[in-house]
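Atoms considered below: every heavy atom in the structure, side chains included; atoms not considered: hydrogens, waters and symmetry mates.
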Amino acid sequence: MSFRGLKNELKIIELFRLVDPWIHGQTIYAFLIIAQHTYINKEDMRVMDIGDLMDTSSASASRNLRFLVDHDLINLWENPNRRIEKFVELTQRGKRLVKRLEAIR
């Protein structure tokens, strides 16, 4: 693979570094999973689903999601019928980031 083949991947990382220059790869992965399922596929997504898809512990998933909440990219909301269950959605800032990511060619 040539360096030119990595051009778009570098642009993606640069967009995330505008959110926070010290963002971790696993946090980027969590955001992309959330964006794919909630924004692109219009699916409901729970915190536990993200941990499963990332093949990581719920504690690790929660740390990554806390970062995304603190940077106003996602919201977590409690299932009123099952209080221990939390759902994830993109904020307006998160949706704008997805649109910028989609525009990378």
Side-chain angles (χ1 to χ4, degrees):
M1 176 184 290
S2 70
F3 181 75
R4 289 187 318 191
L6 297 175
K7 184 177 173 186
N8 291 343
E9 288 80 359
L10 289 171
K11 286 181 183 179
I12 290 169
I13 292 170
E14 288 166 1
L15 278 178
F16 279 102
R17 289 192 74 232
L18 292 174
V19 172
D20 188 309
W22 298 103
I23 191 168
H24 293 244
Q26 193 174 45
T27 306
I28 294 170
Y29 184 43
F31 179 82
L32 294 174
I33 287 172
I34 294 164
Q36 178 67 45
H37 287 271
T38 66
Y39 186 76
I40 307 297
N41 297 347
K42 308 292 187 211
E43 300 169 354
D44 286 335
M45 181 161 242
R46 301 170 301 171
V47 171
M48 66 187 331
D49 299 327
I50 297 161
D52 289 343
L53 289 169
M54 291 177 67
D55 194 27
T56 190
S57 69
S58 60
S60 178
S62 292
R63 276 191 303 276
N64 288 295
L65 298 183
R66 176 56 37 208
F67 180 95
L68 296 172
V69 167
D70 291 347
H71 286 79
D72 192 34
L73 295 173
I74 65 166
N75 285 321
L76 301 177
W77 53 278
E78 198 173 85
N79 180 349
N81 299 320
R82 196 160 178 239
R83 297 189 66 178
I84 63 168
E85 189 173 63
K86 290 196 187 326
F87 286 92
V88 180
E89 65 185 0
L90 293 177
T91 62
Q92 289 303 314
R93 184 178 188 205
K95 290 175 185 176
R96 285 192 302 270
L97 178 57
V98 172
K99 288 179 183 177
R100 291 182 71 190
L101 291 168
E102 288 180 317
I104 294 174
R105 302 262 184 255

Is there a chain of hydrophobic side chains (I, L, V, M, F, W, Y, each step under 4.5 Å between heavy atoms) that links [X] to [Y]?
X     : Y      : answer
Trp22 : Val69  : no
Ile33 : Ile40  : yes
Ile23 : Ile104 : yes
Ile12 : Leu73  : yes

List the steps, then state whether side-chain contact (heavy atoms from CB on, under 4.5 Å) holds for His37 with Leu53. CA-CA 11 Å; His37 287 271; Leu53 289 169; 3.6 Å; yes
Would a 4.5 Å heavy-atom cut-off, applied to side chains only, mark [X] and [Y] as touching?
X     : Y      : value
Arg17 : Glu14  : no
Glu85 : Phe87  : yes
Arg93 : Val19  : yes
Leu32 : Leu101 : yes
Lys86 : Trp77  : no
Phe31 : Leu97  : yes
Arg63 : Thr56  : no
Met45 : Thr38  : yes

Just wondering, are more than 12 heavy atoms of other shown residues or ligands nearer than 6.0 Å to NZ in Lys42? yes
Can you tell me if CG on Asn41 sees more than 12 non-hydrogen neighbours from other groups inside 6.0 Å? yes
Looking at Ala35 and Leu90, what are the two nearest heavy atoms and their distance? CA-CD1, 4.2 Å
Which pair of heavy atoms, one from Ala61 and one from Gly51, lies closest together, and at what distance? CB-CA, 3.7 Å
From CA spacing to verdict: side-chain contact (heavy atoms from CB on, under 4.5 Å), His24, Phe16: CA-CA 9 Å; His24 293 244; Phe16 279 102; over 6 Å; no
Taking atom types as modelled, is there a side-chain donor on Asn64 or Thr27 under 3.5 Å from an acceptor on the other? yes
Roughly how far apart are [X] [atom1] and [Y] [atom2], rounded to 0.5 Å?
X     : Y     : atom1 : atom2 : answer
Ile13 : Asn8  : CD1   : CG    : 11.5 Å
Ser60 : Ile50 : OG    : CD1   : 11.5 Å
Leu76 : Leu65 : CG    : CG    : 6.0 Å

For a side-chain contact (heavy atoms from CB on, under 4.5 Å) check, start with the C-alpha distance between Asn75 and Val88, then their side-chain angles and the critical distance, and finish with the verdict. CA-CA 6 Å; Asn75 285 321; Val88 180; over 6 Å; no
Is the backbone N or O of Asp72 less than 3.5 Å from a side-chain atom of Thr91, with the two atoms forming a donor-acceptor pair by type? yes
